[in-house]
Amino acid sequence: MRYLLLTLVLSTVVLEGCTVQQVPTITQIDDTPAGSQPNVHLGPRPFMLIEAMPQSELKDKLMSCANADFKPHVFSIGHRGAPMQFPEHTKESYIAAARMGAGVLECDVTFTADNELVCRHSQCDLHTTTNILATDLAAKCSEPFSPAANGEPARARCCTSDITVEEFKSLKGKMDGANPQATTVAQYLEGTPNWRTNLYSTHGTLMTHAQSIALFTQLGVRMTPELKEPEVAMPHKGMNQQDYAAKMLDEYKQAGVTSTRVWPQSFNYHDIMYWIEHHPEFAARSVYLDGRDQIAGFDPTNASTWSPSMDELVADGVQIIAPPIWMLLSLDDNGEIIPSAYAVAAKHAGLKIITWSLERSGPLHSGGGWYYKSISDAVVNDGVMMRVLDVLAQDVGVIAVFSDWPATTTYYANCMLSTD
């Protein structure tokens with residue numbers, strides 16, 4: 001017997017449904033009708049984060065929702081699925097994220113040797129995210145494994161463009177990481193950060209982009225594919241950058257997925273402009289991932305360094321911008337977390353804002369690292385994460401947050417945001 005599952009209401013931004021206690025298996029999810037999503041199971045993590053907060057009205061409000069009937073919500077985006085504990089961009093990771101109420105799932109899109117689209121965060125990350133080095137396909141890697149020696153770290157470089165799509169599908173996903181001190185392949189493949197786990201990484205099912213679309217449709221979630229920057233010369237076997245950008249959107253059309261369910265993303269501004277001009281049905285949801293902090297001279301506190309400016313982005317047709325979390329936050333004179341100058345300017349220009357990536361930094365007791373660098377003085381423990389979410393949602397006004405463990409964003413959205 002199939003489990004009762006939540007039914008997606010297409011006219012709203014939340015998923016309404018029934019209440020069940022059974023947790024469906026992967027096989028049972030595959031057998032569910034298109035457009036349905038598993039019942040939400042958050043697990044203990046959101047509650048642990050709330051308990052770590054200092055006493056405040058926000059903590060009281062969040063605690064008051066502990067026994068709520070949690071529903072999926074599009075504020076909660078599964079960043080590569082649920083990679084805090086599951087191998088990223090695998091079927092298992094995506095299903096875990098859907099179970100945690102992620103209303104949107106991400107496939108980072110790159111291509112194989114035969115120009116087929118697949119889900120990987122980087123075109124050349126197979127050596128750290130899959131078992132390729134332990135298979136016969138290791139011979140096809142751009143850079144074979146070399147052990148650590150004479151003070152030099154172990155190295156390898158394996159790209160999706162090194163192998164065909166059928167060869168890609170034969171691989172198994174693992175937790176992202178590598179041991180730079182390795183002298184053997186087996187040692188090299190052991191590099192999972194100690195705050196993640198290998199408990200669920202024994203069988204990570206890799207996915208093509210088309211397979212992700214089919215799974216996401218079954219799970220009843222919206223979709224946010226990111227067109228990854230090629231790491232090989234373009235055109236690649238006759239496919240140029242515009243062909244690549246078009247191919248990604250065409251796979252949604254071929255699957256019968258309406259553009260209103262898809263938020264295509266890219267760090268490449270030319271990709272965004274191409275979609276706006278040539279695929280206008282996707283224009284309103286095309287997401288400009290802002291990575292301009294990598295450009296010399298860019299300062300998110302100084303508008304004169306932003307090119308294009310916020311107003312120029314809007315004039316070009318951009319409607320959604322997505323910077324990292326730290327670019328949206330600052331501290332006031334009392335050390336309280338507030339919206340940054342960048343956030344205020346984006347909102348004033350009329351841009352919608354998405355941000356990335358919550359729960360990618362590990363424990364926050366030492367400042368939170370790169371994702372929190374603009375507010376590091378206020379980041380003293382994991383409980384700060386809920387305060388950060390609150391400022392992002394209530395003061396900055398973000399419409400969604402990428403998370404490596406979307407139970408947290410699902411909890412916050414159900415407790416603090418409108419369900420209309």
Side-chain angles (χ1 to χ4, degrees), residues 79-81 83 87-90 106-133 135 137-146 153-178 180 188-189 191 204 206-210 212 224-249 251 264-275 287-296 322 324 356-357 360 370 402:
H79 180 237
R80 315 182 199 179
E88 63 186 47
H89 293 308
T90 62
E106 178 191 43
C107 168
D108 288 331
V109 177
T110 187
F111 55 85
T112 58
D114 43 354
N115 285 348
E116 293 300 318
L117 303 186
V118 295
C119 298
R120 283 292 93 194
H121 178 65
S122 166
Q123 187 162 50
C124 296
D125 72 3
L126 294 181
H127 52 289
T128 65
T129 64
T130 77
N131 67 335
I132 189 170
L133 290 176
T135 74
L137 292 174
K140 293 192 172 186
C141 289
S142 296
E143 182 180 343
F145 171 75
S146 60
R155 294 180 57 84
R157 179 178 170 86
C158 303
C159 307
T160 58
S161 50
D162 293 335
I163 58 177
T164 67
V165 69
E166 290 304 315
E167 291 169 331
F168 172 86
K169 289 191 289 186
S170 74
L171 299 175
K172 299 301 179 186
K174 73 176 193 68
M175 296 299 284
D176 186 15
Y188 185 79
L189 294 176
L206 302 195
M207 305 203 77
T208 68
H209 180 233
S212 79
T224 184
E226 179 190 337
L227 195 73
K228 303 302 295 189
E229 192 70 20
E231 297 188 42
V232 294
M234 299 291 278
H236 180 262
K237 297 184 179 179
M239 182 175 70
N240 64 27
Q241 184 67 26
Q242 290 190 348
D243 296 334
Y244 175 35
K247 184 178 178 69
M248 188 181 84
L249 298 189
E251 292 198 347
Q265 320 163 60
S266 181
F267 282 99
N268 185 333
Y269 198 63
H270 296 294
D271 294 337
I272 304 298
M273 293 299 97
Y274 171 75
W275 290 331
V287 181
Y288 173 43
L289 295 165
D290 194 349
R292 290 177 293 171
D293 60 302
Q294 302 299 310
I295 299 173
W356 45 275
S357 297
R360 192 153 187 83
W370 186 82
F402 284 90

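Please read all numbers here as calculations on a predicted model, not as lab measurements.
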Taking C-beta and beyond as the side chain, do [X] and [Y] meet within less than 4.5 Å on heavy atoms?
X: L117; Y: T110; result: no
X: H209; Y: P225; result: yes
X: T130; Y: F168; result: no
X: Y274; Y: L227; result: no
X: L189; Y: K174; result: yes
X: L137; Y: L126; result: no

Exercise. Using 30° and 60° as the class limits, which term best fits the ring planes of F111 and Y244: parallel, tilted or perpendicular?
Worked result: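 Perpendicular: the ring planes of F111 and Y244 meet at over 60°.
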For this session: Specify whether H121 and H79 have parallel, tilted or perpendicular ring planes, treating 30° as the upper limit for parallel and 60° as the lower limit for perpendicular.
Result: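 Plane angle over 60°, so perpendicular.
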Problem set entry | Of all pairs that satisfy salt bridge (charged side-chain N to carboxylate O under 4.0 Å, His left out), the ones with a partner from residues 161-171, not counting sequence neighbours |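 Counting only pairs at least two positions apart or across chains, the salt bridge (charged side-chain N to carboxylate O under 4.0 Å, His left out) contacts touching residues 161-171 are K140-E167, E166-K169.
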For this session: Provide the full list of salt bridge (charged side-chain N to carboxylate O under 4.0 Å, His left out) pairs with a residue in residues 227-239, sequence neighbours left out, each pair given once.
Result: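 Found R157-E231, E226-K228.
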How far apart are the closest heavy atoms of [X] and [Y], and which atoms are they?
X: F145; Y: A154; result: CE1-CB, 4.0 Å
X: R120; Y: E88; result: NH2-O, 3.1 Å
X: A113; Y: S161; result: CB-O, 3.3 Å

For this session: Sequence neighbours left out, what passes salt bridge (charged side-chain N to carboxylate O under 4.0 Å, His left out) with D290? Give chain and number order.
Result: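 Listed in chain order: R292.
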Exercise. Atom CD in E116, atom OG1 in T208: separation rounded to 0.5 Å?
Worked result: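 It comes to 8.5 Å.
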Exercise. Once you round to the nearest 0.5 Å, how far does CD of Q265 lie from OG1 of T224?
Worked result: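 Taking CD in Q265 and OG1 in T224, the distance rounds to 3.5 Å.
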Exercise. Should the SG of C158 and the SG of C124 be checked, would they turn out to be under 2.5 Å apart?
Worked result: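 Between C124 and C158 there is no disulfide, given that their SG atoms are not under 2.5 Å apart.
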Problem set entry | C141/C159 sulfur atoms closer than 2.5 Å |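 Not so, these two cysteines form no disulfide.
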Exercise. Do D176 and T128 have side-chain atoms, one donor and one acceptor, less than 3.5 Å apart?
Worked result: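 Short answer, yes.
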